[in-house]
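Input: a single structure, listed below in structure tokens.
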Amino acid sequence: MKEKQPEVADCENCMYYDYSDDEDSAKECQMSMDEDDLIRVLSSGNKRCPYFRYWDEYKFVRKQN
């Protein structure tokens, strides 16, 4: 089953949106993008992030059963 991407970027639920530093409580996108990728994402009129992956914290638990 293919995961449906949200209509608008929903960084809070993305697996790449995580704490940048243990001492800092700020979160940021941890997706490794080069400069060309970043320009393409920011300049597109599309509000969907092509790298969005829904973070399901229970996914690994289900696989253990």
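This structure is a prediction, so every number in the text was calculated from the model and none was measured. Residues take their numbers from the sequence shown, with the count starting at 1.
The two residues Met33 and Val41 come nearest to each other via the heavy atoms SD-CG2, 4.4 Å. Considering every non-hydrogen atom in both Tyr51 and Tyr16, the closest pair reads O-CE1, 3.0 Å.
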Derivation of the side chain to side chain contact (heavy atoms under 4.5 Å, CB included) call for Tyr54 and Asn13: CA-CA 6 Å; Tyr54 182 73; Asn13 292 320; 3.9 Å; yes
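Ile39 is not connected to Met31 by any chain of hydrophobic side-chain contacts under 4.5 Å among Ile, Leu, Val, Met, Phe, Trp and Tyr, and they are in different clusters.
Both tests pass for Lys27 against the ring of Tyr19: distance under 6.0 Å to the centre and angle within 45° of the axis.
In this structure, CG in Leu38 is found 9.0 Å from SG in Cys29, a value given to the nearest 0.5 Å.
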